[in-house]
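Labels below follow one simple rule: chain letters A, B, ... track the order of the sequence lines, proteins then strands, and each chain is numbered from 1. Values reported hereafter were calculated over all heavy atoms of this structure, with side chains retained and with hydrogens, waters and symmetry mates removed.
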Amino acid sequence: MQLSKTYQSKDYEDRIYQEWLDEDIFNPDTCIKKGITSEKAEHFSMVLPPPNVTGTLHMGHAAMLAIEDVMVRYNRMQGKRTLWLPGTDHAAIATQSKVEKILFDTTGQTRHDLGREKFLKKVDNFAQNSHDTIISQAKKMGSSLDWSREAFTLDKQRNLAVKTVFEKMYKDGIIYRGDRIVNWDPKMQSNVSDDEIERIEETTDFYYLKYGPFTIGTARPETKFGDKYVVMHPDDKRYTKYKHGQKIELEWINGLVTATIIKDEAVDPKFGTGVMTITPWHDVTDFEIAQRHNLSYEQIIDENGKLMAIAQEFAGQDIFDARPKIVNKLKEKGLLVKIDHNYIHSIAKNYRGGGIIEPQIRTQWFIDVNKKFTLPHSNIDGIKSGDEVTLKQLMQTVVQTRQIKIIPDRFNKTYFHWVDNLRDWCISRQIWYGHRIPVWYKGDEIYVGVDAPQGDGWQQDPDTLDTWFSSGLWTFSTMGYPDTNNPDMKNYHPTTVMETGYDIIFFWVARMILMTTYTLGDIPFKYVYLHGMVRDEKGAKMSKSVGNVIDPLDMIEKFGADATRLSLMIGTTPGNDMKLSESKVAGFRNFVNKLWNISRYIMMTVQEVKHIETEPKANTIADEWILSELNQLIKDTSKDIDKFNFSQAGEKLYDFTWNKLADWYVEIAKIEKNKDDILLFVLGNLLKLWHPFMPFVTEVIWKNFSTDNQLVITKWPKVSSKKVDNNKFSTLQTIISNIRTLRVNAGITAGATTKIILVTTHNDLINFVQEYKTVIEKMTKTELELTTDKPTKDDLASIHESYFSLFTSISTVAKNKQAEEKKNLEKYILTLKNKLDSDFAKKAPKEIVEKEKEKLKQAEEKLNKFL
RNA sequence: GGGCGAUUAGCUCAGCUGGUUAGAGCGCCUCGUUUACACCGAGGAGGUCGCAGGUUCGACUCCUGCAUCGCCCACCA
C-alpha cells in the first residue's frame, strides 16, 4: 500500500466507519457471537446523554462523544461486554419553541392557528430532520455507538415506560395534583420548573408608597391593586403597637381598602421600612405567607400578562405598559413617597428563549420528594427491601454511601446542596410536544393509567410532562423497561458510567438517580464523570450571536476527526471548562501526521510488514530501552484511563510517540540495523494504545499489518513484568545531547560533519563511547577521536586546518559549559549536604532520606569526573 | 446573602495522598532544503508557583486571612 506523505483524514474516515458498521462490532451481541467477548465477561455499559433534537451538534457534544468513546473503545479492547447506547431527546420546550419560532417567522402563524394535531406533525418533522443530522455527526466523530439499540425519549417504548412510572408514582401517592404557585411564562403559555428559569439582574426604579400609616417598598407597583395584607416581623419594635389581625382602613390605588396586619418572620426588618404588603397570587414568598396565615388571594395578572378587572381603569393593559401610568396615578393621589432609581432587581426569564416569568397560582402535577413510601425491592446500600423511604432520602443515600461516585469529587457538595434543598418537582407543562399526562377526567372522576379508560366521556389531561421526566428514566427505559425480563436490563443495568456536562447535574443526573432508585430500587450508574464546557480561546461562551462558535464538523473537515478528538481530551480535566481554538486542533493534526509518518517510515524500511504478537528479543541498549518504555506506557495508559485521567494518558502517549519513538528509537534504527521486529512490535502496540483516542488513523495504519482483525477489536496490550536497567541508554542520550549542544554552541552548521577529539582520563567513558561510536557519530554528525592524553601541539597540527578553529572553539565552549555545570553541581551538593545534616535525616521517612543520599552520591561522582 | 472553583513560563494548562535543581504543548529566538514527516529536525531563552501569615526537618502542594476573576444556588418585597 502506497502511503501519502501526509495523512489525509478525508480519504479514510467515512470508509473506516462504514467498515466498523459492516462488522457490527459496536453491538455487544455480535461481539459475543464472534468471540470477541463472552457472555460471562464483565460488562461496561454507558448510555449516551441524548442530544436534543433542536438542531445540530456543537463542540460540547463533540467533547462528550470523544471522552465517552475513549472509555468505550478501551473497555471493548479489554475484552469486556461493552455497550454504548445512543439516542436523542425530544427536549419538549426547547424543540416546541424552536418550531413555533420558525412557524411564526415563515408564516406568521402560531401553534393555535394550526391546532394541536397539525402542529405536532410539524414538530415531529423538524425533530426527525434534526435527529438525522445529529446521528450523522455523531458518526463523523467516530463514536462506537450500538445503533441497533438507538432510542428516542418520545418514542413508543419510552412512552410506555413514562406512563408506567407515572401510574406507579401516582398509586404510591408520590405524584399529586395541586394548586401551587408556579413559574408561568406568558409568552410560551406554560409553566416551567425552577431549574428552567434564569435570573437576570436589572436596574429599575424602586417605589416607596404610602400604605395607610406605613410606607412600603416595591419594584412592581402594578401588582399591588389587590394588596390588603400588610406584613411585618413579629419582633420589630417599631411596629409593636400594631397587632396581628388588626384591621385598618386606608386609601389605596383605586379607593378605600381594609388592610389586615399580619406578623410573619419572613419579613426582613432591615430591608426598606420593614413593612410590606403581599401579592400571594404572583409571588412565591407572599404565597407562602398567605398559606401560613390562611389568607385569601386574588389574581391580578392574567395568563397573557395583562391586568385583570381588579385593576379597574387599567384592566386589559399589559403590565409593563401600565406601570408608568399606575405610578403617575399614585403620585397624583399623594401615595408616592419617593423613587430609588438605582435599584437592582432580578427578574426571572424562561431560559429556553421564553418570556419573563410571572408567578401564577395554577393547578399542576407534582412529584412529592418528601412523601414516604415503601421500597419493595432494594439493591441500594443502606436501604433494605421493604424500608419506608422518601425520594429525597434515596437520592441522598446512594451518593453518601459512595455507591455512586461523582468525578470530580467536589461536585458531591453541589449535588447534596441541591438535593437537601429540593422542593416538590412540578412535572406538568402546558405545551403540546411531549409525553401527554396519562390522566383522564370525567366530571369529578379521575383515572390514571397506562391505557385510556373504557367508556365515553373521558377527557385526557391536555398537559404534557416535563422533558426531564422521560430523561430521568433514560438508563433503563432504553433497556426494555417495563419489561423487566429484557436481557439488556439484566446484562447492562446498572450502567457503569454516566458521562455528561456539569451543567446538567441537577436537571438530569439527579433526576435519573431519583427515577431509577424509585422505580428499580437500584442505582442508574456507578460513576458520574462530569466534563466542563467548551469555550472559545478567550474563555467566552460560544454563541451564534457573538460569532465565536467553532463547529465540530468544520474541524473534522479541516483537520480530521482524530485531531478534533485529541484537542478536546488532552489538556482538559474533569469538571473544568476547556478553551478551544482552531490552532489547538491544527496542532493535533500535526501530531496525527507525525504518527502517520513514523508508521509510514517503518512500513517502508522493514523487510516484511507483519504484526508481531510477542515481544521480540532486545539486542542493544536502545532495544531494551524502547521496550521497557513501551511497557511503562502500557501500564500508565491503562491506569490513567481506568482512573478517568484521559488527558494524562494522552500526554504520555504523545510524549512516547514523538520524543521517544520518533526522536530516538527510529533515528537509532537508521544506524543499528535488524530492528524490524521491534519496530513493528512497538508500532503495533502503540496503535492499540492510541486507538481509543484516535480510532481512524490508527485503524488505517493497522490495515497495513496482515491481520484479519480490525484494530477496534484487538486485545489491549499486556504489561510484561520484565525489569530492565536503562541507565546505559540514558548515558548514551546524555552524551549525544551534549555533543549536539557543543556543536550548536560552537556555531557549526547542522549539515557539516565535524571532528571532535574527546579527551578524558576516564576509562569507562572511553569504553562506552568506543562501544557506541557509530551511533554517536551518526546521531551527532561528528567524527570522534578518543584519547586519554592531552592534545599536544603536534596533535593539534595534525588536525586538518579547517577543523582547527573548531577544536579550539569547542574546547572553550566546553570549558565554559563545564565550569557552569560544575558550579551548579557544587551548589546542588551543598544543598543536599545541608539537608542531610539538618533534622531532615532524623525526621523524614527512611526511603526518602535514602533517596537523597543516593542523589548526593551520584552528584559527587559526577563532580569527580570534572576534577 | 450562601456555596464552589481558578490564580504556576508570553498564551493554554499539568503537577495524584507535602519530599529531585517546578513540567508539557503552543508561541518566541538561533541554526538547518539530512529521501518518514517543514503538518519536520537540533539547540535555546523564559517562572521568587496571586499576596500575607501559619503548621513542618521540608510547602506549588496542608491551614488561616486578603485580593482579583469566573461559575452555581437563593423568596429580600
Which residue pairs satisfy the salt bridge (Lys or Arg N to Asp or Glu O under 4.0 Å) criterion with at least one member in residues 407-416 of chain A, sequence neighbours excluded?
A/R402-A/D409
Winner on side-chain proximity to A/F506, out of B/C73, B/U34, B/C37, is B/C73
Is the centre of the A/F588 ring less than 6.0 Å from the centre of the A/F559 ring?
no
For A/R323 and A/P221 the tightest heavy-atom approach is CG-CG, 3.9 Å
Euclidean distance, atom OH of residue A/Y502 to atom P of B/G70 [Å, nearest integer]:
14 Å
Sorted by number, the residues of residues 652-663 of chain A with heavy-atom contact under 4.0 Å to RNA chain B
A/Y654, A/W658, A/A662, A/D663
Testing B/A77, B/C39, B/A36 for proximity to the side chain of A/N597, the answer is B/A36
Taking the six-membered ring of A/W664 as reference, does the cationic atom of A/R740 (NZ for Lys, CZ for Arg) lie under 6.0 Å from its centre and within 45° of its axis?
yes
Centroid separation under 6.0 Å, is that true for the rings of A/F646 and A/Y529?
yes
With a 4.0 Å cut-off on heavy atoms, is A/K670 in touch with a base, just the backbone sugar-phosphate, or nothing at all?
base
Using salt bridge (Lys or Arg N to Asp or Glu O under 4.0 Å) as the criterion, list what pairs up with A/E582, not counting sequence neighbours.
A/K558
Taking the C1' atom of each, how far is B/C60 from B/U21, in whole Å?
15 Å
Phosphate OP1/OP2 of B/A77: any A/Y343 side-chain N/O under 4.0 Å:
yes
If you write RNA chain B from 5' to 3' in dot-bracket form, with Watson-Crick or G-U pairs under 3.5 Å, [ ] for crossing pairs and | for pairs with another strand, what do you get?
(((((((..((((.....[...)))).(((((.......))))).....(((((..]....))))))))))))....
Taking side chain to side chain donor-acceptor pair (under 3.5 Å) as the definition, give me every residue that meets it alongside A/Y665, ordered by chain and number, with sequence neighbours left out.
A/D623
For a quick check of understanding: with a heavy-atom distance under 4.0 Å over all strands, which category does A/R589 fall into, base, sugar-phosphate or nothing?
base
Are A/I668 and A/M779 side-chain neighbours, meaning at least one heavy-atom pair lies under 4.5 Å?
yes
Rounding to the closest angstrom, what is the interatomic distance between B/C66 and B/C76 at atom P?
25 Å
How does protein reach along nucleotides 2-15 of chain B, written 5' to 3' as B (base within reach of a heavy atom under 4.0 Å), S (only sugar-phosphate), or - (no contact)?
--SS------SSS-
Would you please name every residue forming a side chain to side chain donor-acceptor pair (under 3.5 Å) with A/D636, sequence neighbours left out?
A/Q632
Any chance the rings of A/W418 and A/Y415 have centres within less than 6.0 Å?
no
Which part of the nucleic acid does A/K594 contact within heavy-atom distance under 4.0 Å: base, sugar-phosphate only, or nothing?
base
If we take the P atom in both B/G18 and B/A36, what is their distance in whole Å?
49 Å
For nucleotides 60-65 of chain B, print each protein N/O atom paired with a nucleotide N/O atom at under 3.5 Å, atom names and distance only.
none

Answer with base, sugar-phosphate or nothing: what part of the nucleic acid does A/V267 contact at a heavy-atom distance below 4.0 Å?
base
Considering only atom P, compute the distance from B/C13 to B/U7 and round it to an integer number of Å.
9 Å
Counting only side-chain heavy atoms from C-beta out, which of B/C75, B/C40, B/C37 sits nearest to A/K5?
B/C37
Would A/Y654 and A/F656 count as a close aromatic pair, with their ring centres under 6.0 Å?
no
When rounded to whole Å, the CG to C1' distance for the pair A/D264 and B/C76 reads 13 Å
Interatomic distance at C1', B/A6 relative to B/U12, whole Å:
14 Å
Which atom pairs link the protein and nucleotides 54-58 of chain B when you take only N or O atoms and keep those under 3.5 Å?
unit_1: B/C57; atom_1: OP1; unit_2: A/K843; atom_2: NZ; d: 2.6

Do A/S647 and A/E651 pass the side-chain hydrogen bond (donor to acceptor under 3.5 Å, both in side chains) test, and can you show the C-alpha distance, the side-chain angles, and the key distance before you say yes or no?
CA-CA 6 Å; A/S647 178; A/E651 279 169 39; 3.2 Å; yes
Applying side chain to side chain donor-acceptor pair (under 3.5 Å) to A/T204 and not counting sequence neighbours gives none
Considering only the C1' atoms, how many Å lie between B/G50 and B/U34, rounded to the nearest integer?
47 Å
With no hydrogens and no angle check, just 3.5 Å: does a side-chain donor-acceptor pair link A/D227 and A/T279?
yes
Say you draw a straight line from OG1 of A/T273 to CE of A/M232; how long is it, rounded to the nearest 0.5 Å?
9.0 Å
Please give, in whole Å, the distance from B/C71 C1' to A/E198 CD?
14 Å
Remember a base hit wins even if backbone is also touched, and classify A/E667 as base, sugar-phosphate or nothing at under 4.0 Å, heavy atoms.
base
Centres of the A/F287 and A/W281 rings: under 6.0 Å?
no
Where along residues 273-293 of chain A does a heavy atom fall under 4.0 Å from RNA chain B?
A/G274, A/M276, A/T285
Distance between the C1' atoms of B/A38 and B/G46, in whole angstroms?
25 Å
Centroid separation A/W596 to A/Y601 less than 6.0 Å
no
Please list every donor-acceptor pair under 3.5 Å in which a side-chain atom of residues 500-507 of chain A meets a protein atom from a residue at least two apart or in another chain.
unit_1: A/Y502; atom_1: OH; unit_2: A/D577; atom_2: OD1; d: 2.8
unit_1: A/Y502; atom_1: OH; unit_2: A/D577; atom_2: OD2; d: 3.4

Using atom C1' in both nucleotides, what's the gap between B/A22 and B/A67 to the nearest angstrom?
25 Å
To the nearest 0.5 Å, tell me how far A/I701 CD1 sits from A/L3 CG.
8.0 Å
Checking side chain to side chain contact (heavy atoms under 4.5 Å, CB included) against A/H293, which of A/T260, A/D264, A/I278 comes through?
A/D264
